[in-house]
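First comes the structure, then the notes that go with it.
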Amino acid sequence: MVGRQAIALVDVNNFYVSCERVFDPRLEGRPVVVLSNNDGCVVARSAEAKALGIATGAPWFQIQAQAKAWGLVARSSNYELYGDMSARVMEVVGRFGTWQEVYSIDESFVGLLGDPAQLETCGREIRAAVMRHVGLPVCVGIAQTKTLAKFANRIAKQNPALEGVCSLDSMPAGHVQAIQERVPASGLWGVGERTAKRLKMLEIQTIADLKAADPALIRKKFSVVLQRTVMELNGTECIPHTEERVDKQQIMFSRSFSTPVTTIEGMEQVMAVYAQRGAARLNDSGLRASIMTVTAGTSRFAAGEGSFPAATIRFATPTQDPIVLTRAAVAAIGQSAVPGASYLRAGVMFSGLEPLSGPEMLDVFAKPGGQPCVGGVLGDVRTKFGSQAIGLGFGGLAEPPSWSMKRELSSPKYTTEWSDLPVVRA
DNA sequence: TCTGGGGTCCTAGGACCC
DNA sequence: TCTGGGGTCCTAGGACCC
């Protein structure tokens, strides 16, 4: 048989934890968790931590007390490290595919070609290559559609005997069927809690049940999204692969604070900083925005109504100018925030995006051949001298303000800061 | 005291037009 | 007084994902 098409889903096992382990082998074999921003809750767990019964999303303050007794190690999330490791994994995996779609920070779909035996061999080669070049463990699921590749990947993860690779076509059909009859539909990519509950009312409980359901009925009662899932389960490709990332629709910068902000002036400071962080993202993406939404919120867990102000600003001329955006964001939050409310988070969101084009703005900061704008210059300075090197108003403070994010347990930026390069002694 | 941040896609409904 | 079909564009909200 020549050239049968298949799709592989390659993802890194416990990605954040595995990244930490590459640079700190003492973490090997120990329970390890990685925490969200502000060291709030658990976002990644090692197998040992899962075995302890620690759930994703578990608040750190609730498990911290037992950490010592468990020998549990916690790390703050270090997105610079993970982002850089991700790029390395994607590059290696991409070498094996006829196409590649990067789906998330630790997953990509790749197109493979071959008979079932070749496909499985290829999966093993991908796994070995990523381990050799990047030092991270991956699992590979191979099948005819994305939905099935995801499912195969799950089988690979849950059956150590498969050694990280599951090619659905190499498995006995009865075996696959048996698993599908056992696993609830909610274990499937694209089927969440809500949908699973509604499916149950139609006596559709397992993946096998869903696979056998009438696609037309599913579309009528649910959506075309779920109909596609049903068809993909039956081997018909319905979810297109997009090699090039489609243009972004929106760009956000949103964060919780380490301590509440209760004054209007305080929120104006926050917005001054956040608008600049958002503007920097716009600049990095080569985009400008015609709509900016600023939001803030009190704790979702506090008693009472809470306050969730939101204001939308439209710009007659799309912009990415941090001065314009900061000024507008500060004014908007000043008008919509409630004095005395105990705000815990804020964000800015940009939409109505379009590419920066043409040097229509005459600017003293213009650089030859580049985009002439303040945002670009600020970006260059940050790249060269560090992210805290320059900013406007409160965004230029060298010492972070009191409400800034807490990241007490962070590992060094091993691969992206010269000063954090690991030292090896022989 | 403490509870993440960033996205995508789809649908329904309203405004407006011919 | 009752009463059209068809279309576009935009927005809000739901559901899901990692």
Side-chain angles (χ1 to χ4, degrees), chain A residues 9-16 33-45 54-65 74-79 82-83 86 101-109 146-147 150 153-154 185-199 218-229 238-242 245-260 274 277-278 281 285 290-291 293 295 297-303 306 310 312 314 342 344-353 403 405-408:
Chain A
L9 176 74
V10 185
D11 77 343
V12 182
N13 304 345
N14 312 322
F15 180 54
Y16 296 170
V33 295
V34 173
L35 305 174
S36 65
N37 287 331
N38 286 317
D39 296 342
C41 59
V42 172
V43 291
R45 309 160 293 158
I54 298 170
T56 304
W60 174 233
F61 74 90
Q62 286 178 359
I63 46 179
Q64 198 170 8
R75 287 285 164 86
S76 304
S77 36
N78 181 346
Y79 287 104
Y82 311 149
S86 170
E101 178 183 342
V102 176
Y103 178 68
S104 75
I105 193 164
D106 74 325
E107 284 174 73
S108 71
F109 291 102
K146 284 185 176 177
T147 302
K150 275 272 202 182
N153 182 280
R154 182 199 153 108
S186 58
L188 223 41
W189 184 48
V191 182
E193 280 305 306
R194 305 272 174 128
T195 306
K197 210 179 249 175
R198 288 175 57 206
L199 281 169
I218 292 293
R219 170 159 196 165
K220 209 173 124 207
K221 299 237 176 197
F222 295 86
S223 65
V224 329
V225 182
L226 195 61
Q227 181 191 33
R228 287 204 270 256
T229 301
C238 301
I239 303 173
H241 31 261
T242 45
R245 266 270 164 266
V246 256
D247 292 342
K248 283 193 182 160
Q249 304 294 307
Q250 55 182 12
I251 286 181
M252 299 171 82
F253 182 83
S254 161
R255 288 279 183 284
S256 316
F257 316 142
S258 57
T259 53
Y274 282 25
R277 299 290 297 270
R281 286 198 181 171
S285 311
S290 58
I291 300 168
T293 305
T295 60
T298 51
S299 171
R300 293 191 306 273
F301 300 92
T312 296
R314 277 158 214 278
S342 194
L344 267 182
R345 56 176 304 108
V348 295
M349 186 175 109
F350 300 108
S351 51
L353 303 179
W403 43 264
M405 208 161 65
K406 197 167 71 176
R407 235 174 224 177
E408 290 174 347

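Model, not experiment: these values are computed from the prediction. A note on names: the letters A, B, ... follow the listed sequences, proteins ahead of strands, and every chain is numbered from 1. Computation of the quantities below employed the complete heavy-atom set of this structure, encompassing side-chain atoms and omitting hydrogens, waters and symmetry-equivalent molecules.
For the pair A:Gln64 CD and B:dT3 P, the interatomic distance rounds to 13 Å; values are reported in whole Å.
Between A:Gly306 and A:Thr298 the shortest heavy-atom distance is CA-OG1, 3.2 Å. In plain terms, the two heavy atoms of A:Pro240 and A:Glu101 that are nearest each other are O-OE1, 4.2 Å.
Every side-chain hydrogen bond (donor to acceptor under 3.5 Å, both in side chains) that A:Ser108 has, sequence neighbours left out, goes to A:Gln100. Qualifying side chain to side chain contact (heavy atoms under 4.5 Å, CB included) partners for A:Ser36, counting only residues two or more places apart in sequence or in other chains: A:Cys41, A:Val43. Contacts of A:Asp11 classified as side-chain hydrogen bond (donor to acceptor under 3.5 Å, both in side chains), with partners at least two apart in sequence or in another chain: A:Asn153, A:Lys157. Applying the side chain to side chain contact (heavy atoms under 4.5 Å, CB included) criterion to A:Ser258, with sequence neighbours excluded, gives A:Asn38, A:Lys406. Checked against side-chain hydrogen bond (donor to acceptor under 3.5 Å, both in side chains), A:Ser86 has no partners two or more places apart in sequence or in another chain. The ring pair (Phe, Tyr, Trp, His ring centres under 6.0 Å) test applied to A:Tyr16 returns A:Tyr79, A:Tyr82, not counting sequence neighbours. By the side-chain hydrogen bond (donor to acceptor under 3.5 Å, both in side chains) test, A:Ser77 is found to be paired with no residue, residues two or more places apart in sequence or in another chain being considered. Residues satisfying the salt bridge (charged side-chain N to carboxylate O under 4.0 Å, His left out) criterion with A:Arg75, sequence neighbours excluded, are A:Glu20, A:Asp24.
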In 5'-to-3' order, the base (B), backbone-only (S) or no-contact (-) status of each nucleotide in nucleotides 11-18 of chain C, using a 4.0 angstrom heavy-atom cut-off, is S---SSSS
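Listed by first then second residue, pairs satisfying side chain to side chain donor-acceptor pair (under 3.5 Å) with a partner in residues 54-64 of chain A read A:Arg45-A:Thr56, not counting sequence neighbours.
Between A:Val43 and A:Phe222, it is A:Val43 whose nearest contact on DNA chain B lies nearer the 5' terminus.
A stem is defined here as three or more consecutive Watson-Crick or G-U pairs, each with both distances under 3.5 Å; for DNA chain C these stems are B:5-18 with C:5-18.
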Tabulate protein N/O versus nucleotide N/O from nucleotides 5-7 of chain B, keeping only pairs under 3.5 Å, one per line.
from: B:dG5; atom 1: OP1; to: A:Ser256; atom 2: N; distance (Å): 2.5
from: B:dG5; atom 1: OP1; to: A:Ser256; atom 2: OG; distance (Å): 3.0
from: B:dG5; atom 1: OP2; to: A:Ser256; atom 2: OG; distance (Å): 3.0
from: B:dG5; atom 1: OP2; to: A:Arg345; atom 2: NH1; distance (Å): 2.5
from: B:dG5; atom 1: OP2; to: A:Arg345; atom 2: NH2; distance (Å): 3.4
from: B:dG5; atom 1: O3'; to: A:Ser254; atom 2: O; distance (Å): 3.4
from: B:dG5; atom 1: O3'; to: A:Arg255; atom 2: NH1; distance (Å): 2.8
from: B:dG6; atom 1: OP1; to: A:Arg255; atom 2: NH1; distance (Å): 2.7
from: B:dG6; atom 1: OP1; to: A:Arg281; atom 2: NH1; distance (Å): 3.1
from: B:dG6; atom 1: OP1; to: A:Arg281; atom 2: NH2; distance (Å): 3.1
from: B:dG6; atom 1: OP2; to: A:Ser254; atom 2: N; distance (Å): 2.3
from: B:dG6; atom 1: OP2; to: A:Ser254; atom 2: O; distance (Å): 2.3
from: B:dG6; atom 1: OP2; to: A:Arg255; atom 2: NH1; distance (Å): 3.3
from: B:dG7; atom 1: OP2; to: A:Met252; atom 2: N; distance (Å): 2.9

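Residue contacts for A:Arg219: at a heavy-atom cut-off of 4.0 Å it reaches no nucleic acid atom on any strand shown.
Nucleotides B:dC17 and C:dT3 have their P atoms positioned 24 Å apart, rounded to a whole Å. B:dC16 sits 16 Å from C:dG4 when the C1' atoms are compared, rounded to a whole Å.
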